[in-house]
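Everything quoted here is computed from the prediction, not taken from an experiment.
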Amino acid sequence: MIFQKISDDFKKAYLERDMKKKNFLSVLKGEIKLLEGRGEELNDETVLKVIKKFEKSIKENISRGSESSENELEWLKPYLPEMMDPEKIEEIISDLIEKGSDNIGKIMGAFNKEYKGKADNREVSSIAKKLLGD
């Protein structure tokens with residue numbers, strides 16, 4: 001479970017006196033615990049939503065020139081799923097088109113049903129439009 005890995009890494013950072021990483025993981029754990037406090041089940045899917053939110057925020061900070069955010073992005077990487085390469089996305093979308101998905105909405109829906117979080121939706125949409133000839 002992702003949350004357990006975060007907790008283990010938090011303890012490791014604490015023991016190694018890596019206070020910046022420990023503090024970052026503490027905030028991440030706190031956000032995840034907030035979800036649990038709101039009655040959401042603590043599973044990999046809900047934890048991943050929090051991590052993705054953090055990733056988006058960090059990337060925005062990096063685009064504004066924040067150097068400390070680059071470390072934070074590195075600390076998040078172990079908890080993020082491995083992203084598909086464009087060739088694999090294209091292969092999946094081609095298969096969906098062959099099976100009858102004839103518009104972007106159907107393709108995106110079918111793709112996300114099985115591969116949600118494993119590819120950037122903008123990239124999936126772009127490849128789908130290219131393959132559909134839009």
Checklist entry - Can you tell me how far the CD1 atom of I32 sits from the CD atom of E40, to the nearest 0.5 Å? => result 11.5 Å

Item to check | Closest non-hydrogen atom pair between L132 and D102, with its separation | outcome: CD2-O, 4.0 Å

Checklist outcome for this item: Looking only at heavy atoms, the pair that brings A128 and I104 closest together is CB-CD1, 3.3 Å

Checklist entry - If you round to the nearest 0.5 Å, how far is OG of S125 from CG of D120? => result 10.0 Å

Checklist entry - Under a 4.5 Å side-chain heavy-atom rule over Ile, Leu, Val, Met, Phe, Trp and Tyr, are L15 and F10 clustered together? => result no

Next on the checklist: Test of understanding: with side-chain hydrogen bond (donor to acceptor under 3.5 Å, both in side chains), list the residues that count as partners of N103, not counting sequence neighbours.
Outcome noted: none

Checklist outcome for this item: Between the CD atom in Q4 and the CD1 atom in I6, the distance rounded to the nearest 0.5 Å is 10.0 Å

Item to check | Rounded distance [0.5 Å steps], CG in N121 versus CG in N112 | outcome: 4.5 Å

Checklist entry - Can you list the residues that meet the ring-ring contact (aromatic ring centres under 6.0 Å, His included) rule with Y115, with sequence neighbours excluded? => result F111

Checklist entry - So, K12 and D8, do they make that salt bridge, N to O below 4.0 Å? => result no

Next on the checklist: A quick test of your reading: do over 12 heavy atoms of other residues, nucleotides or ligands sit less than 6.0 Å from NZ of K118?
Outcome noted: no

Next on the checklist: For a side-chain contact (heavy atoms from CB on, under 4.5 Å) check, start with the C-alpha distance between L76 and L28, then their side-chain angles and the critical distance, and finish with the verdict.
Outcome noted: CA-CA 9 Å; L76 269 187; L28 181 59; 3.9 Å; yes

Next on the checklist: Testing the 3.5 Å rule here: is there a donor-acceptor pair between the side chains of N23 and S26?
Outcome noted: no

Checklist entry - About how many Å separate CG of D9 and NZ of K21, when rounded to the nearest 0.5 Å? => result 5.5 Å

Checklist entry - Considering only heavy atoms from C-beta outward, does the side chain of L35 approach that of R38 to under 4.5 Å? => result yes

Item to check | Heavy-atom side-chain contact between K49 and K52 under 4.5 Å | outcome: no

Next on the checklist: Let's go through Y14 and K11 carefully: what are the C-alpha distance in whole Å and the side-chain angles of both, what is the deciding distance for side-chain contact (heavy atoms from CB on, under 4.5 Å) to 0.1 Å, and is it a yes or a no?
Outcome noted: CA-CA 5 Å; Y14 179 78; K11 290 174 193 167; 5.5 Å; no

Checklist entry - What orientation do W75 and F24 show, parallel under 30°, tilted 30 to 60°, or perpendicular over 60°? => result tilted

Next on the checklist: Test of understanding: clusters of I, L, V, M, F, W, Y form through side-chain heavy atoms closer than 4.5 Å, transitively. Do M83 and I62 belong to the same one?
Outcome noted: no

Checklist entry - Can you check side-chain contact (heavy atoms from CB on, under 4.5 Å) on T46 and E41, steps first, answer last? => result CA-CA 7 Å; T46 55; E41 186 180 334; 5.5 Å; no

Next on the checklist: Membership question, hydrophobic clusters at under 4.5 Å side-chain separation (ILVMFWY): are I58 and V27 in the same one?
Outcome noted: yes

Next on the checklist: Given K56, which partner from the list E60, K53, K59 fulfils the side-chain contact (heavy atoms from CB on, under 4.5 Å) test?
Outcome noted: E60

Next on the checklist: Would you say M84 ends up clustered with I97 if hydrophobic residues are merged whenever their side chains have heavy atoms under 4.5 Å apart, either directly or through other cluster members?
Outcome noted: yes

Checklist entry - Any sub-3.5 Å donor-acceptor pair from S94's side-chain atoms to E90's backbone N or O? => result yes

Checklist entry - Would you say E114 and I92 make side-chain contact, with heavy atoms under 4.5 Å? => result no

Checklist entry - Are any non-hydrogen side-chain atoms of Y79 and L25 less than 4.5 angstrom apart? => result yes

Checklist entry - Would K20 and N71 satisfy side-chain contact (heavy atoms from CB on, under 4.5 Å), going step by step from the backbone distance to the final call? => result CA-CA 9 Å; K20 287 182 180 182; N71 286 336; 5.7 Å; no

Item to check | From I107 atom CD1 to I127 atom CD1, the distance as rounded to the nearest 0.5 Å | outcome: 11.0 Å

Checklist entry - Would L34 and F54 show up in the same hydrophobic cluster when neighbours are defined by side-chain heavy atoms closer than 4.5 Å? => result no

